[in-house]
There are 2 protein chains.
Amino acid sequence: MTTIKDVAKLANVSPSTVSRVLADSNRISQPTKERVRKAMEELDYYPNFLARSLITRASRTLGLVLSRPADSAFSNPFFPAILRGISQVTQSRQYNLLLVTTENPVEEEEQCLRMFSEKRVDGLILLTPRTNDLLIRSLTRVNCPFIVVGRATGKGCHSVNNDNIKAAYTAVSHLLSLGHRRIALLNGPESYTFCQDRYLGYCQALEDAGIPVESRLVRHGALTQEDGKKLTTLLLEQSPAPTAIFAVDDVMAFGVYKAASELGLTIPQDLSVVGFNDDPLASMVEPSLTTVKIPIMEMGNAAADMLIQLLEGGAPPPEFILASELVIRASCGKVL
Amino acid sequence: MTTIKDVAKLANVSPSTVSRVLADSNRISQPTKERVRKAMEELDYYPNFLARSLITRASRTLGLVLSRPADSAFSNPFFPAILRGISQVTQSRQYNLLLVTTENPVEEEEQCLRMFSEKRVDGLILLTPRTNDLLIRSLTRVNCPFIVVGRATGKGCHSVNNDNIKAAYTAVSHLLSLGHRRIALLNGPESYTFCQDRYLGYCQALEDAGIPVESRLVRHGALTQEDGKKLTTLLLEQSPAPTAIFAVDDVMAFGVYKAASELGLTIPQDLSVVGFNDDPLASMVEPSLTTVKIPIMEMGNAAADMLIQLLEGGAPPPEFILASELVIRASCGKVL
DNA sequence: TTGTAAGCGTTATCAA
DNA sequence: TTGATAACGCTTACAA
């Protein structure tokens, strides 16, 4: 292992001088810098990051917490997109990205506190927060800097989010404008704030149209195709059945397609569907899926940016909201 | 910051004793252990990982290298699956997972060498190797332990792979058994070894059936829907046109669907399609896609397992091959 | 502009 | 069974 001492010896300077060259200090003469740099190159020297972090008290590493049960966390296209957005920033800002995967909320909290307390990460990015999120409270307690992707409830929180209420409002309004009156909501787990917000938007749109919200038309399940299918079957067995379904996630919407096909219903003639996320395959399915497109990658960018700001003493805004957009395709029809 | 010294003071022992308790050394008396543990708990003590790594010369961190251009690397469902497999193992074996994302081969090599030389990671997992992969050579040169997911060419390499040649052979044989004679291959970039292997299996199957390989029926492109569509259009414009297409990736196969629909061709009546990977949405598209299912998650498990073995002085097998399976759905028809 | 020396929080060596 | 003491490789006063 070649250390700073080896470089110092070869360049005929002291270790501290090498360290200063490493930091490009302006208190080192140009000729010395060059000599030291040549020595570094010759020895193929890389500074030991652990030693440096130990003393600077910064690991330059961000932790990304994947807390949802693995199957839905990984298979949902939301995940690669947000990851890509985050890694773009960490890479360009010379930060590292550590993945923290957990199976349940208890383990999640343990792991996160440990990662931070052990100085492995300088801060964390959390996805899909829940109401009264325990993790958020714990992190605040130990002064761990973090950014939440989604609506965060605690005070002193920093978050990146999209306009879920408005987005859901727009989606449901679209269905209303096509003449639908019995619009069902295929929702995810109630505990997630984004599900609550999309529910709110759904209710507001109906209310503004003078239509009461019927609880029999609102269902909750996991963000999976299976649950989407199962719940759709339940929704359509009712009488009078809904003529349209707004799913809070495209993957669930694909489950609607499955259920409709099994029940012999044709989309959009017999049933209209709107999804959420603009999954790459939303345009592939038959008929192509009308869905809300959110700038997931940009949210990842913003989250990483804000966390780094926080770590470097900046003061990012407490909340950063990105706009979504309804992408109209072929899955919605008019009610005659 | 509470350190080992604070714990030592509170428990009335020396720092080295605390360190031994941390390691659960059997040379410490039970009462002392309990006293020290109580002190740790009271102080909410977490050992500083950087300090520990510095002296033990092990970061207990694996690096996962994402080198393909970001768009295809992240959007392909292969990625979340392999990631999940890897993280399952790192989590249970108490290792960390660092993501190394790069945009091009040059940057890829720089980053990887740096991560290892700076002691940020103990070893690396590489995805989708190319022939004469420069990175593999560099890592070997600096003695960086690594595992390749895919077929690796260098000697001394350890790799996890699936039976690509056989899998492609089976897929094409399936089409042959349905009476197809003009079977096109929709291939990915030639430089990837998995593309070469699937090409080999394709050729062998044709050969064994006494059908010459026509270069006009073999196309290369990116592993994207767009390229799948574009190349399919080119394939089908020819005369005589292929009656079946074997795509080396489901995402490309979805592009075939798009092209067919635009050209007014019905799958499977006018065109048969076989994909690769068993993307979660292969069963969703209409008609559902016949595809080769590979145990991606298990490959991730194996890769992480082997790397950890390597790091802990074990001797994993140089190559570990997992079997794939053809999932027959509705996208292939008989030739009349 | 450069060097000396202390210290970051651990583990490891040796002695008691 | 435990405790001093010296590393690990770096940065950073403080001195020169």
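Just so it is clear: chains get the letters A, B, ... in the order the sequence lines come, proteins before strands, and each one is counted from 1.
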>> If you apply the rule side-chain hydrogen bond (donor to acceptor under 3.5 Å, both in side chains), what do you find for A/N96 with B/R120, and how did you get there?
In response: CA-CA 9 Å; A/N96 297 105; B/R120 284 169 139 121; 2.6 Å; yes
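Proximity of B/T32 to the phosphate of D/dT1: no side-chain N or O atom is located under 4.0 Å from OP1 or OP2. At C/dT10, none of the side-chain N or O atoms of B/Y46 fall inside 4.0 Å of OP1 or OP2 (strictly under the cut-off). Close to C/dT11, at under 4.0 Å from its OP1 or OP2, lies no side-chain N or O of B/R57. Distances shown here put every side-chain N or O of B/S29 at or beyond 4.0 Å from the OP1 or OP2 atom of D/dT1. Listed pair A/S14 / C/dT2 fails the phosphate criterion, with no side-chain N or O lying under 4.0 Å from OP1 or OP2.
Here C/dT10 presents its P atom at 9 Å from CE of B/M40, a figure rounded to the nearest Å. Taking atom CZ of residue B/R60 and atom P of nucleotide C/dT11, one finds them 13 Å apart after rounding to whole Å. When the P atom of C/dC8 is taken as reference, atom NZ of A/K119 falls 14 Å away, rounded to whole Å. What separates CG of B/L54 from P of D/dA7 is a distance of 14 Å, to the nearest Å.
Remark: the A/S16 side chain and the C/dA5 base include no donor-acceptor N/O pair separated by less than 3.5 Å.
Between the side chains of A/T17 and A/S14, at least one donor N or O lies within less than 3.5 Å of an accepting N or O. Side-chain contact of A/T90 with A/S87: a donor-acceptor pair under 3.5 Å is absent, judged by distance alone. Inspection of the A/Q111 and A/T102 side chains reveals no N or O donor paired with an N or O acceptor under 3.5 Å.
As judged by a 4.0 angstrom heavy-atom cut-off over every strand, A/T3 is placed among residues touching the sugar-phosphate backbone only. Note on B/R20: a base of the nucleic acid sits closer than 4.0 angstrom, heavy atoms only. Using a 4.0 Å heavy-atom criterion, one finds that B/I28 contacts the sugar-phosphate atoms exclusively. Residue B/S53 is out of contact with every strand shown, counting any heavy-atom pair closer than 4.0 Å. Within 4.0 Å (heavy atoms only), B/R27 reaches at least one base atom of the nucleic acid.
B/S25 contributes no side-chain N or O that, together with a main-chain N or O of B/V21, makes up a donor-acceptor pair within less than 3.5 Å.
Checking B/P15 against B/A51, the closest nucleotide of DNA chain D that is more toward the 5' end is the one next to B/P15.
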